S.K.: 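Here it is, the structure in full.
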Amino acid sequence: MRLLFLAVLRPHTGNAVTAERLRDHLEAAGHTCFLRDVFDFESPSEVADLIVAQNLEAGLALHLYRGGRLLQGHGIPFGVIFGGTDLNEDANHKEKHEVMGKVLEEARFAVAFTEAMKDTAQVQWPHATGKIFVQSQGIATIPNANFNLNTFLQESEIDQSPDNLYVFLVICGLRPVKDPLYLVDAFSEWHQEEPSVYMVIVGPEVDPVFTREVKDRVRRAAGVRLIREMCQEDLHAVVKSCFALVNSSVSEGMSAAILEAMDLEVPVLARNIPGNSAVVKHGVTGLLFSDPQEFIQLAKRLVSDPALEKEIVTNGREYVRTHHSWQVERDTYHRLIRKLEAGLED
């Protein structure tokens, strides 16, 4: 089957990584998958032209509003996958809410990463009950074996030996919803008390205006660094080498970075929001904080308590292995795509 897959493909962001992984799943089942960025299309008519030109038979969209609306009305069966922004933000806008409801009427299936996301969607669009499936993200990490930590620290302008260093890593696209500046002031104060702790923010420059604000704030913040985006294998190597992974987002669907850190046996400190608390159980698989002061308190505890770190790391890795199987995810999407194949016969 020739399938159009629409997603937000900003380089090295969670959606882009997820989309690439799902494309691999679909192609492994023998389908031809045309993965395209939703921002390449200004209107559904451009999608219609592509469908005709490439003789596409079905569609899939990652992000109900941005991708799903582009697949409507073309006469091909399609499915959708909820992101975080569509449920947590777009659903609060009346016009977008109506559009997403119509997309769900036409979609053959919808995928939510968590039971909580499914419940939210069913409250928002009761008519979609029965076609929403829960499939958590499958995780597979491949750190670059040739990665040089000393070089990375030099490039980050951290002039300290890795042996006595605590790097707290924030991985996110530079846009307001990821809130990379949330902890900067509090962390900078801590660094001035304890020079061995650093916060490193890694990610693509998604929002140009916001990126300038981030660069300006980081430039003036002691102990905080901002570095360019990296390829996935190098990023996994950085995660594996750091002391802890930090997520300070205002909104998340399901953070792949959190799950990858757990898989790489690195402790996670995450902002206490629904998307994060769905995968991080406080004190068991990670630590949840509600404000910058609580983050500092928990970070200090983690630094001073190796037994807590070991327990969280062990539980986190077991959680990912049990609930975020790459193979189970592949099997689920193979099964769901058969619903689209059945739609061709209707």
Side-chain angles (χ1 to χ4, degrees), residues 11-14 17 141 143-144 147-176 178-207 210-249 252 255-271 276 286-287 289 292 295-296 298-300 302-303 309 313:
H12 310 312
T13 57
V17 172
T141 54
N144 179 359
F147 179 79
N148 189 306
L149 178 59
N150 287 316
T151 301
F152 170 77
L153 293 175
Q154 288 171 8
E155 291 177 350
S156 304
E157 298 180 358
I158 297 176
D159 187 22
Q160 288 201 30
S161 164
D163 299 332
N164 186 35
L165 193 62
Y166 299 91
V167 173
F168 291 78
L169 192 67
V170 180
I171 299 173
C172 66
L174 301 186
R175 54 194 178 115
K178 296 301 181 181
D179 209 1
L181 296 175
Y182 184 61
L183 302 170
V184 164
D185 291 343
F187 198 96
S188 187
E189 287 182 21
W190 183 28
H191 171 79
Q192 290 174 73
E193 298 171 11
E194 181 47 75
S196 64
V197 299
Y198 280 84
M199 173 173 284
V200 177
I201 302 169
V202 183
E205 299 179 2
V206 177
D207 181 323
F210 185 66
T211 294
R212 286 197 292 273
E213 181 185 345
V214 172
K215 287 181 176 180
D216 183 56
R217 283 275 298 280
V218 169
R219 196 178 297 117
R220 294 181 280 112
V224 182
R225 300 288 188 268
L226 175 65
I227 65 168
R228 67 188 187 284
E229 59 189 287
M230 312 171 75
C231 72
Q232 198 68 8
E233 291 79 6
D234 284 353
L235 193 57
H236 287 165
V238 172
V239 173
K240 191 173 182 179
S241 302
C242 76
F243 176 70
L245 186 284
V246 178
N247 181 296
S248 57
S249 296
E252 285 283 0
S255 168
I258 285 178
L259 299 173
E260 288 164 354
M262 289 180 178
D263 191 53
L264 292 165
E265 301 185 51
V266 172
V268 170
L269 293 103
R271 193 167 177 171
N276 288 344
L287 298 171
F289 59 88
F295 165 79
I296 297 298
L298 292 171
K300 287 180 176 178
L302 197 60
V303 166
E309 179 193 359
V313 161

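Below, each value reflects all heavy atoms present in this structure, side chains not excepted, and no hydrogens, waters or symmetry copies. Everything numeric here is computed off the predicted structure, so don't read it as measured data.
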S.K.: Drop me the distance from Phe152's CZ to Ser241's OG, to the nearest 0.5 angstrom.
M.R.: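 Between atom CZ of Phe152 and atom OG of Ser241 there are 8.5 Å.
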S.K.: Who passes side-chain hydrogen bond (donor to acceptor under 3.5 Å, both in side chains) against Arg212, sequence neighbours left out?
M.R.: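 In terms of side-chain hydrogen bond (donor to acceptor under 3.5 Å, both in side chains), with neighbours along the sequence ignored, Arg212 is linked to no residue.
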S.K.: Which heavy-atom pair separates Asp179 from Arg271 by the least distance, and what is that distance?
M.R.: OD2-NH1, 2.7 Å
S.K.: Using salt bridge (Lys or Arg N to Asp or Glu O under 4.0 Å) as the criterion, list what pairs up with Glu260, not counting sequence neighbours.
M.R.: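 Expected list: none.
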S.K.: How long is the span from the CD1 atom in Ile258 to the CG atom in Asp263, to the nearest 0.5 Å?
M.R.: 14.0 Å
S.K.: Might you point out which heavy atoms bring Ser248 and Pro180 nearest each other, and give the distance in Å?
M.R.: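 Closest pair (atom of Ser248, atom of Pro180, distance): OG-CA, 4.0 Å.
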S.K.: Using the salt bridge (Lys or Arg N to Asp or Glu O under 4.0 Å) criterion, which residues pair with Glu309? Sequence neighbours excluded.
M.R.: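 Partners of Glu309 by the salt bridge (Lys or Arg N to Asp or Glu O under 4.0 Å) criterion come out as none, since no residue qualifies.
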S.K.: Are there over 12 heavy-atom neighbours, none belonging to Asn150, within less than 6.0 Å of that residue's CG?
M.R.: yes
S.K.: Are Leu169 and Val266 close enough that some pair of their side-chain heavy atoms sits under 4.5 Å apart?
M.R.: no
S.K.: Mind checking the CG-CG spacing from Asn247 to Leu183? Nearest 0.5 Å is all I need.
M.R.: 10.0 Å
S.K.: Quick one: side-chain contact (heavy atoms from CB on, under 4.5 Å) partners of Thr151, sequence neighbours excluded?
M.R.: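 Applying side-chain contact (heavy atoms from CB on, under 4.5 Å) to Thr151 gives Asn148, Glu155.
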S.K.: Please assess Val268 against Asn276 for the test side chain to side chain contact (heavy atoms under 4.5 Å, CB included), listing each intermediate value before the final yes or no.
M.R.: CA-CA 10 Å; Val268 170; Asn276 288 344; over 6 Å; no
S.K.: When rounded to the nearest 0.5 angstrom, what distance separates CD in Glu189 from CD1 in Ile296?
M.R.: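 Nearest 0.5 Å value for the CD-CD1 distance: 8.5 Å.
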S.K.: Mind checking what makes ring-ring contact (aromatic ring centres under 6.0 Å, His included) contact with Phe243, not counting sequence neighbours?
M.R.: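 Listed in chain order: Tyr166, Phe168.
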S.K.: Excluding sequence neighbours, so at least two apart, what forms salt bridge (Lys or Arg N to Asp or Glu O under 4.0 Å) with Asp234?
M.R.: none
S.K.: Mind checking side-chain hydrogen bond (donor to acceptor under 3.5 Å, both in side chains) for Glu265 and listing every partner two or more places apart, or none if nothing turns up?
M.R.: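 Result, side-chain hydrogen bond (donor to acceptor under 3.5 Å, both in side chains) vs Glu265: Arg317.
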S.K.: Please identify each residue that fulfils side-chain contact (heavy atoms from CB on, under 4.5 Å) with Pro143, with sequence neighbours left out.
M.R.: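 So Pro143 forms a side-chain contact (heavy atoms from CB on, under 4.5 Å) with His236, Ala237, Lys240, Leu264.
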S.K.: Return the minimal non-hydrogen interatomic distance between Met230 and Arg228, and the atom names on each side.
M.R.: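 Nearest heavy atoms, Met230 then Arg228: CG-O, 3.6 Å.
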S.K.: Report the C-alpha distance between Lys178 and Glu252 in whole Å, list the side-chain angles of each, state the deciding distance to 0.1 Å, and finish with yes or no for salt bridge (Lys or Arg N to Asp or Glu O under 4.0 Å).
M.R.: CA-CA 8 Å; Lys178 296 301 181 181; Glu252 285 283 0; 3.0 Å; yes
S.K.: Roughly how far apart are Leu226 CG and Lys215 NZ, rounded to 0.5 Å?
M.R.: 7.0 Å
S.K.: Taking the side chain as everything from C-beta on, heavy atoms only, tell me whether Val224 gets closer than 4.5 Å to His191.
M.R.: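 Side-chain contact under 4.5 Å: no.
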S.K.: Testing the basics here: between Leu269 and Ala244, what is the closest heavy-atom pair and its distance to 0.1 Å?
M.R.: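 That would be CD1-CB, 3.6 Å.
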S.K.: Determine whether Gln160 and Pro195 make a side-chain contact, defined as any pair of heavy atoms from C-beta on separated by less than 4.5 Å.
M.R.: yes
S.K.: Passes side chain to side chain contact (heavy atoms under 4.5 Å, CB included), Leu165 versus Leu153? Steps please.
M.R.: CA-CA 10 Å; Leu165 193 62; Leu153 293 175; 3.7 Å; yes
S.K.: Any idea which heavy atoms bring Ser196 and Asn164 closest together, and the distance?
M.R.: CB-O, 3.3 Å
S.K.: Any side-chain heavy atom of Val214 sitting closer than 4.5 Å to one from Val184?
M.R.: no
S.K.: State the CD1-CG distance between Ile171 and Leu235, to the nearest 0.5 angstrom.
M.R.: 4.0 Å
S.K.: Taking only residues two or more places apart in sequence or in another chain, which ones pass side-chain contact (heavy atoms from CB on, under 4.5 Å) with Glu193?
M.R.: Trp190, Lys300
S.K.: Suppose we screen for side-chain contact (heavy atoms from CB on, under 4.5 Å). Which residues come up paired with Asp185, at least two apart in sequence or across chains?
M.R.: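 Per chain and number, Asp185 pairs via side-chain contact (heavy atoms from CB on, under 4.5 Å) with Arg217.
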S.K.: Could you pull out all residues at least two apart from Glu194 that satisfy salt bridge (Lys or Arg N to Asp or Glu O under 4.0 Å)?
M.R.: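 Once residues adjacent in sequence are excluded, Glu194 has no partner under the salt bridge (Lys or Arg N to Asp or Glu O under 4.0 Å) criterion.
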S.K.: Is there a side-chain contact between Val246 and Phe295 in this structure, where contact means two heavy atoms from C-beta onward sitting under 4.5 Å apart?
M.R.: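 Of all side-chain heavy-atom pairs linking Phe295 with Val246, at least one is under 4.5 Å.
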S.K.: Could you pull out all residues at least two apart from Thr211 that satisfy side-chain hydrogen bond (donor to acceptor under 3.5 Å, both in side chains)?
M.R.: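 Checked Thr211 against side-chain hydrogen bond (donor to acceptor under 3.5 Å, both in side chains); zero matches.
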S.K.: Check for a donor-acceptor pair, side chain of Arg225 on one end and backbone N or O of Ser156 on the other, with a separation under 3.5 Å.
M.R.: yes
